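Predicted model only: the values in this text are computed from it and were never measured. Indexing begins at 1, ligand by ligand and atom by atom, following the structure's order.
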Amino acid sequence: MTSLGGRRRTSPRCGRQVQRQIIQSTWSSLRTRTHRAVRRMGGGAKANATAHAQWAQSSGAVVRQAIVDTVKIALSDPKVKSVVICGQNGNFCGGADIKEFGGEMTGPPLIPMIHAIEAANKPMVAAIEGNALGGGLELALGCHYRIAHSKARLGLPEVTLGLLPAAGGSQRLPRLIGVPDALDLITTGRIVTAAEALRLGIVDQVTEHNTVDAAVKFALSVAGQPLDARRISTFPCPRPPDSDALFEEAMRKVRGSARGAMAPVACVQAVRAAATLPYERGMEREKELMATLFTSGQARALQYVFFAQRAVGRWSMPSGAGWDTSKPRPVNKAAVIGLGTMGRGITVALAQTGLSVVAIETQEKQLMEAKQAVTSMLERGAKRRGAAPALDRISYSRNIQAVADVDLVIEAVFEDMALKLEVFRQLSAFCKPGTLLCTNTSALDVDELARGTPNPELVVGMHFFAPAHVMKLLEVVYGKRSSPQAVATAMQLGKKMGKASVAVGNCRGFVGNRMLRLYVEQAFFLLEEGATPELVDGALEEFGFPMGVFRMSDLSGLDVGWRTRKAAGQAQPGEASGQSARIRNGSRYSPIGDLVCEQGRFGQKTGRGWYQYDKPGSRVARSDPWLHSFLEQYRARHGLVARSIDRQEVLERCLYALVNEGFRILEDGIAAGPEDIDVIYVFGYGWPGHRGGPMFYASTVGLPKVLERLEHYHQAHPDVPDLQPCGLLRRLVASGSPPVHRWREVIKKLHSQL
Ligand SMILES: CCCCCC/C=C/CC(=O)SCCNC(=O)CCNC(=O)[C@H](O)C(C)(C)COP(=O)(O)OP(=O)(O)OC[C@H]1O[C@@H](n2cnc3c(N)ncnc32)[C@H](O)[C@@H]1OP(=O)(O)O
């Protein structure tokens with residue numbers, strides 16, 4: 001048996017040898033070690049040489065070369081009976097280095113390397129600790145056996161990067177675990193635990209102990225046994241009897257869930273090739289499909305989102321404080337105040353994270369209902385994950401004094417400033433010193449709330465999205481006086497809850513809702529000018545949103561925005577006609593949404609909204625003749641002449657207005673960079689990931705074009721000041737429209753000149 005570091009040990013039990021190949025799968029930090037290892041190998045590798053290597057294009061070539069060489073040596077050495085391939089530092093291999101995808105491929109190609117491993121005449125065993133993802137799992141699938149640690153995670157997440165598993169993964173996985181499960185994993189990129197991998201048949205054994213030792217023991221036990229039945233590429237692909245229907249259903253599902261996204265469709269096509277073609281032809285199809293995806297704009301956009309998601313973790317505040325200078329406080333116990341829909345979801349999310357939670361609701365009946373709802377949400381989640389529900393982590397109380405020993409409170413009462421101020425006053429009296437006070441609000445002023453407490457530095461906003469235990473986005477809103485430590489604590493808690501957490505400044509609507517207002521407003525204006533909800537929604541859904549603006553409004557309830565507009569003094573009762581009915585503070589305003597609400601049409605919950613539904617609560621939207629004649633009468637009353645509007649105009653008006661506000665947000669320093677806005681939109685507002693978020697999208701359209709179209713629409717609608725192109729957009733265009741990752745430099749310069 002050969003050990004790490006080039007020392008050779010002989011198995012005391014059988015005297016046979018196992019070659020261990022170390023694949024280094026962490027990304028940049030170990031490059032130097034990679035090079036050292038390469039030099040060692042270059043200096044005359046022996047059969048027992050260790051390859052510390054990295055799965056990356058630049059050094060990935062080195063890894064592949066090392067694997068090819070070492071496997072060759074191991075196979076030709078009669079003393080070596082079996083080979084174990086493992087990672088280093090507890091990690092098998094997380095897959096390719098995404099940053100290197102644009103570069104030239106050098107070194108031995110991956111596919112022949114995996115084929116050589118599979119064709120080996122000695123048992124090749126993958127010892128999987130940590131992650132085996134993407135190319136990492138494809139390598140493991142080329143091995144004859146896979147032994148995983150119980151904490152390992154396995155998956156083919158390529159689809160989330162706009163790709164498909166193109167090193168044989170799309171052809172081997174269905175042969176190994178069958179078409180339905182392979183389709184699920186490959187089209188969703190879902191990552192599975194070792195236990196699920198064992199149940200699915202991806203791994204042969206799971207160990208709680210040292211994985212490499214277990215794999216070595218296993219490798220020795222199978223040395224000399226025939227391998228023909230272990231080469232996955234030679235397996236016939238099990239074909240379900242109704243496979244045509246299965247693939248059609250899979251195609252319908254991916255087309256419905258990721259509208260316009262190419263990768264999930266290509267994944268279905270690749271698995272279909274595995275099920276219908278001999279392996280070699282399937283591999284050709286896999287290659288063909290990957291060739292289209294690899295250089296596509298969609299793959300670039302999704303890979304941008306991957307890095308943007310990580311970039312938002314490196315948050316900063318205008319003061320310069322940020323993730324690298326602010327230490328979060330430990331949070332072991334938290335309280336949630338108010339157990340409506342949001343409070344319940346937040347309670348579930350906290351309990352699932354492993355925190356002790358005190359859930360407080362003053363009304364007995366509501367408390368009982370909430371307890372029941374939270375319990376069933378936790379039970380459903382636990383069943384899905386195959387874990388025990390975290391019921392005993394939650395205690396329920398009607399008394400706000402139960403917050404006395406918590407480290408952090410999330411207030412989730414009704415969106416009413418007076419009510420929230422009163423809750424914060426009580427919290428300040430009952431919490432122990434230093435308790436962080438968070439408000440779950442989608443629009444209220446965090447500074448005003450903070451001013452009402454003796455310790456404003458402990459106050460931050462945590463804007464969750466409904467349902468809070470499911471939606472991935474969290475806006476962490478810092479006020480003028482929030483301490484960096486308070487922000488760091490909220491950001492870390494968000495990360496622990498598995499949220500894409502984005503730190504943003506305090507302004508009306510924060511980032512997401514501030515931009516959304518402009519998007520919705522343009523949709524209303526388009527209705528006034530001649531569009532229908534169907535036309536607007538059709539254009540937006542074709543663009544890739546899961547729901548257009550009107551369908552989404554029906555789902556979330558029209559009354560929510562109406563209440564906000566009434567509170568802001570915008571919505572006024574009655575059907576006044578004439579120009580003044582459509583002007584607020586000197587700017588164009590559309591009362592269409594208010595008038596629809598006055599009819600008691602609040603969307604799905606009332607069975608009527610922008611569409612009609614079979615009954616209240618039903619989800620299938622049907623075109624509503626009432627709405628169309630309402631629009632005609634409205635236009636007639638206001639002297640508006642309907643004109644023909646095409647989908648292009650719908651997209652430009654709605655999306656560029658939203659993007660323009662994004663530039664204003666960057667200019668105001670409410671978001672630190674375009675990545676923050678893009679992550680908020682992709683994870684919280686259904687912006688299609690394959691378009692990369694609104695700011696990335698603007699860069700792909702071309703900033704000069706966005707500027708020109710905004711100027712055009714502003715000229716056509718001078719009463720809509722929001723359409724006036726933002727100064728930052730002009731500045732970026734004047735500086736040659738740099739790529740999105742360089743916008744921060746321009747923004748920094750702009751801020752330094754203010
Ligand atoms: C023409 C055919 C060519 C075929 C070539 C072969 C193709 C193979 C396909 C693939 O393998 S695609 C890649 C598949 N793998 C993944 O998608 C995994 C992505 N990574 C993750 O899921 C996670 O990072 C992790 C591995 C589970 C680790 O999670 P953890 O929370 O511990 O760390 P992070 O904060 O996510 O990442 C740390 C650090 O590393 C960077 N990074 C992570 N993965 C990659 C990667 N695949 N490529 C480049 N860089 C990666 C990440 O950006 C972080 O760095 P930062 O500087 O802090 O941003």
Side-chain angles (χ1 to χ4, degrees), residues 23-31 54-61 63-64 67 87 89-114 128-142 151-173 185-186 188-193 263 266-267 270 283-284 286-296 299 302-315 323-324 491-492 495-496 498-501 673 675 679 689 741:
I23 299 172
Q24 177 53 49
S25 51
T26 15
W27 305 109
S28 48
S29 60
L30 285 138
R31 201 157 278 183
Q54 193 175 16
W55 191 280
Q57 299 291 98
S58 55
S59 45
V63 179
R64 291 194 301 278
I67 295 173
N89 300 333
N91 211 11
F92 184 71
C93 178
D97 183 340
I98 304 160
K99 281 200 179 116
E100 309 280 337
F101 276 164
E104 275 282 295
M105 273 289 255
T106 56
L110 186 63
I111 293 172
M113 182 194 92
I114 296 178
I128 302 173
E129 295 169 298
N131 297 298
L133 303 177
L137 181 56
E138 290 180 298
L139 169 67
L141 292 173
K151 295 218 168 84
R153 292 153 28 97
L154 301 91
L156 294 172
E158 285 87 340
V159 69
T160 64
L161 301 167
L163 305 173
L164 61 82
S170 74
Q171 303 304 296
R172 283 197 179 88
L173 194 64
L185 293 193
I186 293 174
T188 62
R190 192 164 73 78
I191 290 168
V192 298
T193 59
C267 285
M283 285 298 285
E284 279 166 26
E286 182 191 84
K287 186 175 170 190
E288 222 172 78
L289 290 162
M290 178 66 157
T292 314
L293 298 179
F294 201 68
T295 51
S296 70
L302 283 158
Q303 288 158 27
Y304 161 81
V305 172
F306 175 86
F307 289 113
Q309 224 183 316
R310 273 123 191 113
V312 299
R314 295 187 286 274
W315 57 275
W323 67 283
D324 48 349
M491 287 293 285
Q492 192 190 54
K495 189 172 180 192
K496 276 194 186 154
K499 309 276 181 211
S501 309
E675 297 87 354
V679 166
H741 66 268

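Within the set Lys495, Arg314, Arg310, the minimum heavy-atom distance to atom 57 (O) of ligand 1 is found for Arg314. With Gly95, Ala96, Gly94 as candidates, the residue nearest to atom 47 (N) of ligand 1 on a non-hydrogen basis is Ala96.
At a 4.0 Å heavy-atom cut-off, ligand 1 does not touch Thr160 at all. With a 4.0 Å cut-off on non-hydrogen atoms, Ala166 does not touch ligand 1 at all. The part of Asn131 lying near ligand 1 is the side chain, judged by heavy-atom distances below 4.0 Å.
Taking a cut-off of under 4.0 Å to the non-hydrogen atoms of Leu110, the atoms of ligand 1 that pass are 6 (C). Here is the list of ligand 1 atoms found below 4.0 Å of a heavy atom in Leu161: 12 (S), 13 (C), 17 (O). Close approach of ligand 1 to Ile98 (heavy-atom distance below 4.0 Å) involves ligand atoms 46 (C), 47 (N), 48 (N), 49 (C). For ligand 1, the atoms sitting less than 4.0 Å from at least one non-hydrogen atom of Phe307 are 49 (C), 50 (N), 53 (O), numbered in the order shown with element in parentheses. Each of the atoms 27 (C) of ligand 1 lies under 4.0 Å from some heavy atom of Arg153. For ligand 1, the atoms lying closer than 4.0 Å to a non-hydrogen atom of Gly134 are 11 (O), 14 (C).
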Begin with the C-alpha distance, continue with both residues' side-chain angles, and end with the deciding distance and a verdict on side chain to side chain contact (heavy atoms under 4.5 Å, CB included) for Arg314 and Asp324. CA-CA 7 Å; Arg314 295 187 286 274; Asp324 48 349; over 6 Å; no

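The shortest distance between side-chain heavy atoms of Tyr304 and His741 does not fall below 4.5 Å.
Checked by atom type and distance alone, the side chain of Gln303 never pairs as donor or acceptor with a backbone atom of Gly162 at under 3.5 Å.
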